[in-house]
Amino acid sequence: MKIDRLIGILSILLQQEQVTAPYLAERFEVSRRTINRDIEDLCKAGIPIMTRQGIKGGISIMEGYKIDRTLLTSSDLQAIFAGLRSLDSVSGTNRYGQLMEKLSVGASGVIAGDQHILIDLSSWYKGALAPKIEMIHGGIEQQELLGFTYFSPRGESRREIEPYHLVFQWSSWYVWGWCRKRRDFRLFKLNRMTDLHCTGEKFEKREVPLPNLATEKIFPHKLQVKAVFAPECKWRLIEEFGKDCYLEQPDGSLLFQFGHTDRENLLSWILSFGDKAELLEPADLREELLRIGEEIRQKYSL
């Protein structure tokens with residue numbers, strides 16, 4: 001991609017006194033004419049690049065601009081590279097690893113050094129997730145409509161969207177796009193999408209608001225929950241809600257109080273603890289749990 005190459009060329013120029021066009025052409029596997037056009041584009045972007053003809057000639061950045069080399073420290077580059085590695089963990093390609101190599105010219109010690117930040121965004125569904133991400137990425141770049149079947153708590157539906165952003169949030173991948181069915185922007189979870197395909201239909205890019213990903217917006221606390229948990233559930237409560245979600249009682253039990261999103265989710269969550277949890281409030285859901293428990297007992301008593 002051109003933007004990758006421009007970033008790579010700029011990185012080289014910031015780290016080396018002078019390079020030649022043939023060197024850059026070989027490095028990025030393009031023609032000298034392409035490199036010349038790239039240099040022109042960098043100049044148009046305000047980068048003060050100088051070219052010198054002759055035996056000792058080459059391409060360089062004006063001396064007064066070299067101070068920008070110090071803008072990215074070794075720690076800064078390590079953080080950038082950790083992010084690039086994490087994107088390759090879900091892309092199914094080595095695209096970002098190749099970009100990382102371009103950025104690392106003149107800073108090989110950073111790559112070879114202690115990579116103490118390791119990020120894997122692939123999840124359990126890497127085999128199915130990577131092709132979806134690549135297809136959505138292509139749809140965004142080519143401004144091509146995507147079609148798919150979507151499964152939600154409200155049922156199954158066919159959707160067509162104009163894709164605009166891939167989003168990683170709440171340990172899952174989503175696509176933010178304009179839904180033709182709802183006539184509005186929607187956030188779709190990739191793991192709930194099947195039969196994803198490019199329709200071949202192009203769309204005119206519209207003004208796109210960024211999704212509001214505040215937890216209280218996506219997962220509003222509609223229910224105030226009060227429950228008692230066995231001491232051995234402490235690790236899970238801390239992992240899912242933090243240490244301040246409960247008060248330890250004199251007998252060692254944990255009095256839990258927190259907001260929850262919806263009834264079905266709450267019931268499933270409480271049931272996942274088996275006999276290690278007792279829901280106290282809301283009272284109507286306590287009765288619902290009793291009903292569910294009775295139905296389960298009847299099934300297993302046959």
Side-chain angles (χ1 to χ4, degrees), residues 90 120-132 147-159 167-175 179 181-182 186-197 213 215-302:
V90 293
D120 189 335
L121 305 178
S122 58
S123 83
W124 291 101
Y125 308 98
K126 182 175 182 178
L129 195 60
K132 289 180 182 178
F148 54 90
T149 300
Y150 196 67
F151 297 83
S152 74
R154 290 182 293 275
E156 174 184 344
S157 61
R158 289 293 303 170
R159 301 295 182 99
V167 180
F168 184 78
Q169 187 81 3
W170 312 295
S171 302
S172 296
W173 281 93
Y174 300 80
V175 57
C179 178
K181 184 180 180 71
R182 301 301 184 195
R186 289 288 190 271
L187 199 64
F188 296 95
K189 193 171 186 177
L190 267 61
N191 282 341
R192 293 181 180 176
M193 299 163 63
T194 63
D195 306 318
L196 177 65
H197 63 281
L213 300 178
T215 303
E216 57 271 19
K217 170 69 175 179
I218 305 297
F219 304 110
H221 288 172
K222 299 178 182 178
L223 301 169
Q224 290 303 312
V225 180
K226 188 174 182 180
V228 176
F229 290 86
E232 53 265 39
C233 299
K234 182 183 294 186
W235 67 272
R236 186 169 165 188
L237 296 180
I238 291 176
E239 177 182 322
E240 296 181 19
F241 292 93
K243 190 175 181 181
D244 296 332
C245 71
Y246 66 84
L247 290 175
E248 192 162 350
Q249 304 301 291
D251 63 354
S253 63
L254 309 172
L255 179 61
F256 171 87
Q257 297 187 77
F258 213 85
H260 223 277
T261 307
D262 60 75
R263 294 170 59 93
E264 294 300 321
N265 184 276
L266 174 57
L267 291 171
S268 298
W269 183 68
I270 288 289
L271 287 169
S272 70
F273 288 89
D275 63 350
K276 305 299 181 183
E278 179 185 357
L279 180 67
L280 304 179
E281 297 176 4
D284 62 324
L285 290 188
R286 180 181 171 88
E287 295 176 0
E288 180 70 7
L289 279 173
L290 181 61
R291 182 189 64 78
I292 293 173
E294 179 59 25
E295 290 180 353
I296 293 174
R297 187 194 66 80
Q298 291 180 9
K299 282 186 178 181
Y300 284 91
S301 62
L302 295 176

* Verdict with supporting geometry, Phe229 and Phe273, ring pair (Phe, Tyr, Trp, His ring centres under 6.0 Å) -> CA-CA 9 Å; Phe229 290 86; Phe273 288 89; 4.8 Å; yes

* Chi angles and distances behind the salt bridge (charged side-chain N to carboxylate O under 4.0 Å, His left out) call for Glu295, Arg291 -> CA-CA 6 Å; Glu295 290 180 353; Arg291 182 189 64 78; 2.5 Å; yes

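Counting only residues at least two apart or in different chains, salt bridge (charged side-chain N to carboxylate O under 4.0 Å, His left out) contacts with residues 255-270 comprise Arg263-Asp284. Each salt bridge (charged side-chain N to carboxylate O under 4.0 Å, His left out) pair with one or both residues in residues 230-241, not counting sequence neighbours, appears once here: Glu232-Lys276, Lys234-Glu248, Arg236-Glu240. Residue pairs meeting the salt bridge (charged side-chain N to carboxylate O under 4.0 Å, His left out) criterion with at least one member in residues 186-195, sequence neighbours excluded: Asp184-Arg186.
Residues that satisfy the salt bridge (Lys or Arg N to Asp or Glu O under 4.0 Å) test with Arg158, not counting sequence neighbours, are absent from this structure. By the side-chain contact (heavy atoms from CB on, under 4.5 Å) test, Leu271 pairs with Leu289, Ile292, sequence neighbours left out. When the side-chain contact (heavy atoms from CB on, under 4.5 Å) test is applied to Leu280, the partners found at least two apart in sequence or on another chain are Lys226, Val228, Leu255, Glu278, Arg286. Applying the side-chain contact (heavy atoms from CB on, under 4.5 Å) criterion to Asp244, with sequence neighbours excluded, gives no partner residue. Every ring-ring contact (aromatic ring centres under 6.0 Å, His included) that Phe258 has, sequence neighbours left out, goes to His221, Phe241. Listed by chain and number, the residues in a salt bridge (Lys or Arg N to Asp or Glu O under 4.0 Å) with Glu287 amount to none (sequence neighbours excluded). Residues that satisfy the salt bridge (Lys or Arg N to Asp or Glu O under 4.0 Å) test with Lys181, not counting sequence neighbours, are absent from this structure. With sequence neighbours excluded, no residue forms a salt bridge (Lys or Arg N to Asp or Glu O under 4.0 Å) with Arg159. Every side-chain contact (heavy atoms from CB on, under 4.5 Å) that Glu156 has, sequence neighbours left out, goes to Thr149, Phe151.
Between atom NE2 of residue His197 and atom CZ of residue Phe148 there is a gap of 10.0 Å, rounded to the nearest 0.5 Å.
In terms of heavy-atom proximity, Ala227 sits nearest to Ile270 at CB-CD1, 4.4 Å. Closest approach of Pro231 to Gly252, counting heavy atoms only: CG-O, 3.2 Å. In plain terms, the two heavy atoms of Tyr150 and Leu187 that are nearest each other are OH-O, 4.4 Å.
The aromatic rings of Trp269 and His260 are tilted relative to each other, their planes meeting at an angle between 30° and 60°.
In this structure, the side chain of Ser301 engages the main chain of Arg297 through a donor-acceptor pair within 3.5 Å.
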